[in-house]
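As structure tokens, the structure follows; a few thoughts come after it.
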Amino acid sequence: MRTHMCGELRFSEVDKTVSVCGWVASRREHGSQLSFVDVRDHTGVIQCVVDNEVDVRSEYVVRITGVVRARLEGTTNINLPTGEVELGECVVEVLRTAEPPPFPIDSRADKVDENTRLQHRYLDIRRERMQRNLRVRAKVNSAIRGAMEAQEFVEVETPMLVPSTPEGAREFLVPSRKDPGSFYALPQSPQLFKQLLMVAGVDRYYQIARCLRDEDLRADRQYEFMQLDAEMSFASQDDVLEAISKAVEAAAFAVTGETPPPIERMTWRDAMETYGVDKPDLRFGMTLVDLTDVFSATEFKAFSGAASIKGINASGKAEEMGRNKLDGLTAKAKQMGAKGLVWLKVAADGTLDSPVAKFLSADEQAELVQRFAAVAGDLILIVADEWDITCEVLGTLRNDLGRPPVWQGPYRYVWVTEFPLFVGVDKETGKPKPGHHPFCRPHPEDLDKFETDPMSVRALAYDLVLNGWELGSGSIRIHESDLQRRVFNALGISDEEADKKFGFFLRPFEYGAPPHGGFAFGIDRLVAIIAGEENIREVIAFPKTQSGTDLMTGAPTPPNAKQLAELGIRVLPPKA
RNA sequence: GGUCCCGUGGUGAAGUGGAGUUCACGCCGGCCUGUCAAGCCGGAGGUCGCGGGUUCGAACCCCGUCGGGACCGCCA
């Protein structure tokens, strides 16, 4: 039907007779003798000159045949890539008329309520922004496949109807018709299957896998999302990180044309000490400075004896942070479990302006100014508490005060390694809880601390972080039963209970599980950041709203009585 | 489960207790031979999300509800 795409016509095509197909982006009529029709396809827009009357309206689908010609002098349009040429002597065929769209099919719709965009997603996707995002996504998928295949990973598809597993995210359940009262679960990840593929000798597996989790939605979370899921046998942590790095770098290169610098590494401990979060945003400073030693002999009661005292310097923020906002920060710190928040403003004469300044000695004040390299107009925030609270509170305040939008460059990837094996304590059993999942391999250097100091045991577990967003995580797994038993013991899970809960998963390991480890990262998140979006809905063709509905199709909808009867399901009346 | 924000013609905004809800874009009709998300003239189009309350009077204040969003919890 067409010989060229709209956006590709250039000076080099002059004098050629061409046909283009697309949608009417706009028309400008100058009487019955002359009108301009801009035709759009996903490659761009070309101006077509019609010398007679045509009745075409916005978004009519047309095929236009004409001769490419240079535009008259003074009428080129520098805003259009095709702006040096136009189609003349046009014959217009209307392939389909169209209703006026509910919003303009261009960048003006960026301001349209997302409701409306989602209700008419097929029109939203017609826009350049969405076309670009979906094509970025396709490039990322393709580059990842290429990188994984070049490293001899084998793509294996795993089932979508799987058994419900005891731990982890809430699952979507699918009723069984053949066995009423029984349900499949939709997979929150292919974890079980990929590890069994290692037992099966696949050696290197990958899949661009759809994962489903019935947890509340966010800007960076959808019920369904895509992950690069991978697992390797006979591999060290370095092997896994290197393999995944290649996939990420290939994806970035495919879109930006630049290979990012080698992805740096940071231990979890260092991330918490310096950034106060396990997903540090390395694009800005305001790092946490340790002050515990400064106040080791302080008279100030709030600081004296505190396990960990740290602070951040919000450079130049003293002026804009009035009493109200500081009270807000304090309230947030307290809500997060801190006993309080100390703030000090550096005055023009270099002295510290703060309600607590009078409790601090001259030496302490001088040392503070020096540690933060503080100058007039700076705002220093200090928390004194248990180490984890001090870090978390300041990390949160640091992000609140300084973090740029996630898409803003430069891209700062970082591997966060050596996550703790256990995090927190189960309120009921008094036993440690797994930081990740109970199959993560403990750090070999910490094996002797297992029974004596379990909370200090590190795991061979790692996250990949980009601009403060967690892209994904992975670990080296436990492949031997004796080590697995020690972990279960530390978790307070008896052999009997372990067999009951996880036997289906662990029993196959008895047939010869190789040492293995893997990783999974979220493609939606990676694409969003590379595409310059701060919401993954912008890189998903048909996303759901925060309450989990699809505004275009109306899903979810109630089933009919026949469906329910077949499934042996009776629906309870809604709660009063 | 929680906190906060938003909801006014098709779209985006203005209107924070008082006459007929205002404007821009879009839409429809007319004019127009070089425009370019054209220009000029005219026109149509609104349950102010919904329900209740306060008031002489509510788009506006209060309560509830629905829809959407950001975040916390949650996401081993």
Side-chain angles (χ1 to χ4, degrees), chain A residues 24-40 45-53 55 57-59 69 71-80 82-83 86 88 98-120 123 127-128 165-171 188-189 191 211-223 225 328 331-332 335-337 396 399-400 419 421-424 426 432-440 459 461 470 472-473 475 487 491 501-502 522 534-535 537 544-549 551:
Chain A
V24 174
S26 92
R27 88 205 131 101
R28 297 174 292 281
E29 289 182 56
H30 295 249
S32 58
Q33 303 301 304
L34 174 67
S35 54
F36 300 97
V37 177
D38 289 348
V39 182
R40 176 191 62 238
V45 167
I46 180 70
Q47 171 168 285
C48 303
V49 185
V50 182
D51 298 318
N52 48 17
E53 280 190 71
D55 187 18
R57 307 290 169 113
S58 287
E59 301 309 317
R69 66 190 188 202
R71 291 205 188 182
L72 298 175
E73 204 172 325
T75 65
T76 59
N77 183 347
I78 54 166
N79 298 317
L80 274 184
T82 61
E86 63 190 9
E99 294 293 314
F103 51 81
I105 311 300
D106 57 40
S107 65
R108 282 172 294 189
D110 291 344
K111 293 198 188 75
V112 169
D113 191 273
E114 200 186 353
N115 247 337
T116 311
R117 291 177 55 206
L118 290 175
Q119 278 162 16
H120 305 273
L123 295 179
R127 303 190 305 129
E128 196 242 333
T165 47
E167 311 269 328
R170 185 183 296 118
E171 296 166 320
Q188 9 172 338
S189 89
Q191 188 69 28
C211 304
L212 298 106
R213 294 178 190 174
D214 187 5
E215 298 289 351
D216 287 358
L217 280 43
R218 287 288 157 73
D220 60 352
R221 279 194 241 157
Q222 283 273 308
Y223 281 154
F225 57 99
K332 183 151 191 175
Q335 187 204 323
M336 293 184 68
T396 301
N399 275 340
D400 287 354
F419 270 74
L421 189 64
F422 304 115
V423 171
D426 191 300
K433 292 187 292 185
H436 208 54
H437 55 63
F439 315 112
C440 282
E470 182 190 321
S473 57
S475 64
V487 172
L491 293 169
K501 265 176 129 173
F502 304 110
E534 48 193 326
N535 191 309
R537 292 190 297 273
K544 293 189 174 51
T545 66
Q546 199 166 75
S547 54
T549 60
L551 294 179

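Just so it is clear, the values below take in all heavy atoms, side chains as well, and ignore hydrogens, waters and symmetry mates. Letters A, B, ... are given to chains in the order of the sequence lines, protein chains preceding strands, and every chain is numbered from 1.
As the counterpart of B:C56, B:G18 is assigned, both hydrogen-bonding distances of the Watson-Crick or G-U wobble pattern falling under 3.5 Å. Nucleotide B:A70 is matched to B:U3 when pairs are restricted to Watson-Crick or G-U wobble geometry with both distances under 3.5 angstrom. When Watson-Crick and G-U wobble pairs are counted only if both distances are under 3.5 Å, B:C40 pairs with B:G30. A 3.5 Å limit on both hydrogen-bonding distances identifies no Watson-Crick or G-U partner for B:U35. Of all nucleotides present, only B:G49 satisfies the Watson-Crick or G-U wobble test against B:U65, with each distance under 3.5 Å. Using the Watson-Crick or G-U wobble rule with both distances under 3.5 Å, B:U11 pairs with B:A24.
We find that CZ of A:R218 is positioned 12 Å from P of B:C75, with the value rounded to whole Å. B:C74 atom C1' lies 13 Å from atom CD of A:Q546, rounded to whole Å.
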task: Using the side-chain contact (heavy atoms from CB on, under 4.5 Å) rule, take A:R221 and A:Q546 through it: C-alpha gap first, then chi angles, then the decisive distance, then the call.
output: CA-CA 9 Å; A:R221 279 194 241 157; A:Q546 199 166 75; over 6 Å; no

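Residues A:E59 and A:R40 are paired through a salt bridge, judged by an N-O separation under 4.0 Å between the basic side chain and the carboxylate. Between A:K332 and A:D400 a salt bridge is recorded (basic side-chain N to carboxylate O distance below 4.0 Å). In summary, A:D216 and A:R218 do not engage in a salt bridge, as defined by a charged side-chain N under 4.0 Å from a carboxylate O.
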- request: Mark up nucleotides 44-51 of chain B, 5' to 3', with B wherever a protein heavy atom is under 4.0 angstrom from a base atom, S wherever such an atom reaches only the sugar-phosphate, and - elsewhere.
  value: --------

statement: Whether each nucleotide of nucleotides 23-40 of chain B has a protein heavy atom under 4.0 Å at its base (B), only at its sugar-phosphate (S) or at neither (-) is summarised, 5' to 3', as --S-SSS--BBBBBBB--

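Put simply, the side chain of A:R213 and the base of B:C75 share no donor and acceptor less than 3.5 Å apart. Looking at A:D216, its side chain comes within 3.5 Å of the base of B:G73 through a donor and an acceptor atom.
No engagement by A:D110 is indicated, since no non-hydrogen atom pair under 4.0 Å with the nucleic acid exists. At the heavy-atom level, A:R537 lies under 4.0 Å from the strands shown only through sugar-phosphate atoms.
If you check the side chains of A:T165 and A:E171, you find a donor sitting under 3.5 Å from an acceptor.
Of the C1' atoms belonging to B:G9 and B:A24, the separation is 13 Å, rounded to the nearest Å.
In this structure, of B:C75, B:G1, B:G12, it is B:C75 that holds the atom nearest to the side chain of A:A169.
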